[in-house]
Amino acid sequence: MGVVNVTPDSFSDGGKWFDPDAAIQHGFDLVREGADIVDVGGESTRPGAARVSQEEELARVVPVIRELAAGGVVVSVDTMRAEVAKAAVEAGARLVNDVSGGLADPEMPRVVAATGVAYVVMHWRGHSHDMDSRAIYTDVVTEVREELSKRVDLVLAEGVTEEQIVLDPGLGFAKNAEHNWALLAGIPHLAELGFPLLIGASRKRFLGRLLADPDGTPRPFSRCDDATLAVTALAAQAGAWCVRVHEVGPNADAVRVAAAWKRAGAGT
Ligand SMILES: Nc1nc2ncc(COP(=O)(O)O)nc2c(=O)[nH]1
């Protein structure tokens, strides 16, 4: 899953794809590099980010989604708003990637149920401005698994089918670095819920912290693509269904390496 943030302020590529034509071109480039899905978002979810209006979010993502879908791209819309999801699906999006797992907008599950598109339910504990205060767990894997399971029950009750659901532990959303590493190591436990898993580690702060200089200066996100590759290969081997990344080509290669490795092992 390649990322196209049509935003002026996303942490990892803020502003590069804010122009619709640049965003559309980048989406097609990501498919050429090997992306199976292009995730189009119009609202930065980085910690502390201010929300954008629904009108602004619609104006940013719908034209980009329409062009990419018309060009045969499998598009997901990265939104917490039911109205934006609805408009995105009408413009051709085939997945709704809801970082709030239906918590931010109670109408979302009904829109997903009515449209029948795939639905990424990510683990979330509140909007960016105060989510760090909610990064308190005694056993993060067990608690994330339980909270995701509750979200699944709720959206199923709203008419979403099991076939539509993808789960995501929400790395960096109300999680610190230690929580993120535990969730990556816990992918097999999350997979026991029985749904495909999406992992979004690309260029995130916990990678920069791991690779910090001896004086403690974190590695800048622009130099965390190699670490992202390693996470991709390990997550693929652990059973992840999909990884959400900014630099698609090398990550597509890493997935192929993991697949070849798994195929060879299957024979033993
Ligand atoms: N499903 C899913 N969606 C996401 N959207 C945005 C970001 C924030 O990263 P970005 O600002 O680089 O897009 N991370 C995720 C994630 O981990 N999972």
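All residue numbers refer to positions in the sequence shown, counting from 1. Counting starts at 1 for both ligands and their atoms, in listed order.
- By the salt bridge (Lys or Arg N to Asp or Glu O under 4.0 Å) test, Arg209 is found to be paired with no residue, residues two or more places apart in sequence or in another chain being considered.
- A salt bridge is defined here as a Lys NZ or Arg NE, NH1 or NH2 lying under 4.0 Å from an Asp or Glu carboxylate O, and Arg145 with Glu192 meets this definition.
- Residue contacts with ligand 1, taken as heavy atom pairs separated by less than 4.0 Å, do not involve Arg203 at all.
- Under 4.0 Å from ligand 1, not a single heavy atom of Asp39 appears.
- Below 4.0 Å from some heavy atom of Val120 lie the following atoms of ligand 1, by number and element: 1 (N).
- Listed by atom number, the atoms of ligand 1 under 4.0 Å from Met122 heavy atoms are 2 (C), 16 (C), 18 (N).
- For the atom pair CD1 of Ile136 and CZ of Arg134, the computed distance is 11.0 Å after rounding to the nearest 0.5 Å.
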Chi angles and distances behind the salt bridge (charged side-chain N to carboxylate O under 4.0 Å, His left out) call for Asp153, Lys150: CA-CA 5 Å; Asp153 292 343; Lys150 286 197 184 82; over 6 Å; no
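- One option in Asp78, Asp98, Leu171 has a heavy atom closer to atom 5 (N) of ligand 1 than any other, and that option is Asp78.
- Between the side chain of Glu143 and the main chain of Thr138, a donor-acceptor pair closer than 3.5 Å is present.
- For ligand 1, the atoms lying closer than 4.0 Å to a non-hydrogen atom of Thr45 are 6 (C), 7 (C), 8 (C).
- Sorted by first and then second residue, the salt bridge (Lys or Arg N to Asp or Glu O under 4.0 Å) pairs involving residues 54-80 (not counting sequence neighbours) are Glu56-Arg60, Glu57-Arg81, Asp78-Arg244.
- Close approach of ligand 1 to Leu198 (heavy-atom distance below 4.0 Å) involves ligand atoms 1 (N).
- Atom NE2 of His26 sits about 13.0 Å away from atom CG of Asp19, to the nearest 0.5 Å.
- If you check each of Val4, Asn5, Asn97 against atom 3 (N) of ligand 1, the one with the closest non-hydrogen atom is Asn97.
- Ligand 1 places these atoms under 4.0 Å from at least one heavy atom of Val99: 3 (N), 4 (C), 5 (N).
- Checking only distances, Ser202 never comes within under 3.5 Å of ligand 1, N or O to N or O.
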